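Because the structure is predicted, anything quoted here is derived from the model rather than measured.
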Amino acid sequence: MKILILNGPNLNLLGKREPGIYGNSSFDDYLPKLRAKYPNAEIAYFQSNVEGEMINKMQEVGFTYDGIVLNAGAYTHTSVALHDCIRSLKCAVIEVHISNVHQREEFRHRSMISSACKGVICGFGLDSYRLAVDYLVNNVGI
């Protein structure tokens, strides 16, 4: 099973950016633990602050991988282009958010990508990624 975790803008700053919201761990610290929990899954990782690079990566893997775990960051609330890309892919895409976006600013309550995704997980910190990977592993393959 092949899964891509794709993080969008500013998520390269996890562990430094607003730790009260996003926690104190970097994604680089978290990823080995996630990979160890799912040894039968090949978990690739990509982060970009650029919307077009995210689309290119999804198109690159979206027809050969089993799933994508996508935290689109702020693009969640603005990107019709990401929505259209997700709808074009063969694999399942799970939208994740570290924080509970519904407890935050009003503009974060609307996702432009949710309707194109298989499901949405938010509010469980970095564990949101594990929950998404667990779904893919138990419902898509292996």
Side-chain angles (χ1 to χ4, degrees), residues 1-19 21-23 25-142:
M1 166 163 264
K2 293 174 105 176
I3 297 169
L4 171 68
I5 296 176
L6 176 58
N7 275 342
N10 300 309
L11 291 165
N12 56 309
L13 298 177
L14 288 175
K16 299 174 186 169
R17 174 186 175 215
E18 301 179 89
I21 294 173
Y22 299 105
S25 295
S26 72
F27 201 80
D28 289 335
D29 291 338
Y30 177 73
L31 187 56
K33 297 171 192 168
L34 187 61
R35 286 178 171 148
K37 184 159 183 66
Y38 299 96
N40 294 326
E42 180 184 319
I43 300 175
Y45 177 62
F46 185 78
Q47 187 278 327
S48 180
N49 294 321
V50 180
E51 181 181 32
E53 290 178 3
M54 294 173 64
I55 291 168
N56 288 341
K57 186 53 123 175
M58 286 194 294
Q59 289 178 356
E60 176 187 319
V61 305
F63 298 93
T64 57
Y65 277 44
D66 299 291
I68 297 173
V69 176
L70 173 63
N71 185 338
Y75 290 136
T76 299
H77 317 291
T78 63
S79 183
V80 173
L82 284 174
H83 173 274
D84 290 349
C85 177
I86 294 164
R87 289 187 60 91
S88 73
L89 303 177
K90 180 182 146 206
C91 72
V93 178
I94 309 296
E95 177 185 348
V96 301
H97 300 282
I98 295 166
S99 67
N100 181 345
V101 294
H102 303 288
Q103 292 178 334
R104 299 187 61 197
E105 303 93 340
E106 182 72 29
F107 71 88
R108 295 186 196 275
H109 297 184
R110 171 90 167 105
S111 170
M112 297 295 288
I113 64 173
S114 291
S115 64
C117 292
K118 176 71 177 170
V120 180
I121 299 169
C122 72
F124 296 100
L126 292 177
D127 206 34
S128 295
Y129 295 91
R130 181 195 57 80
L131 294 167
V133 169
D134 195 74
Y135 171 82
L136 291 170
V137 165
N138 289 305
N139 294 282
V140 176
I142 297 189

Open item on the list: With a 6.0 Å cut-off on the ring centroids, do Y45 and F27 count as close?
Closed with: yes
Look only at the side chain of [X] and the backbone of [Y], and say whether a donor-acceptor pair between them is shorter than 3.5 Å.
| X | Y | value |
| --- | --- | --- |
| N139 | Y135 | yes |
| D66 | K2 | yes |
| R35 | I43 | yes |

Run the salt bridge (Lys or Arg N to Asp or Glu O under 4.0 Å) test on D84 and R87 for me, step by step, so that the C-alpha distance in whole Å, both residues' side-chain angles and the decisive distance to 0.1 Å come before the verdict. CA-CA 5 Å; D84 290 349; R87 289 187 60 91; over 6 Å; no
Parallel, tilted or perpendicular: rings of Y129 and Y30 (30°, 60°):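 Taking Y129 first and then Y30, their aromatic rings sit tilted (interplane angle of 30° to 60°).
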query = Just by distance, with hydrogens left out, do E95 and S111 show a side-chain donor and acceptor under 3.5 Å apart?
reply = yes
**OP:** Could you verify whether a donor N or O on one side chain and an acceptor N or O on the other, from E51 and N49, lie under 3.5 Å apart?
**Re:**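 Not at all, the side chains of E51 and N49 share no donor-acceptor pair under 3.5 Å.
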Supply the atom-to-atom distance [X] [atom1] to [Y] [atom2], rounded to the nearest 0.5 angstrom.
| X | Y | atom1 | atom2 | result |
| --- | --- | --- | --- | --- |
| S79 | M54 | OG | CE | 8.0 Å |
| K90 | T64 | NZ | OG1 | 8.0 Å |
| N40 | M1 | CG | CE | 10.5 Å |
| K57 | F46 | NZ | CZ | 5.5 Å |

Side chain to side chain contact (heavy atoms under 4.5 Å, CB included) with L82: of T76, L6, I55, only one passes, and it is I55
Pairwise side-chain contact, [X] with [Y], heavy-atom cut-off 4.5 Å (strictly under):
| X | Y | answer |
| --- | --- | --- |
| I3 | I68 | no |
| N7 | N12 | no |
| I121 | I94 | yes |

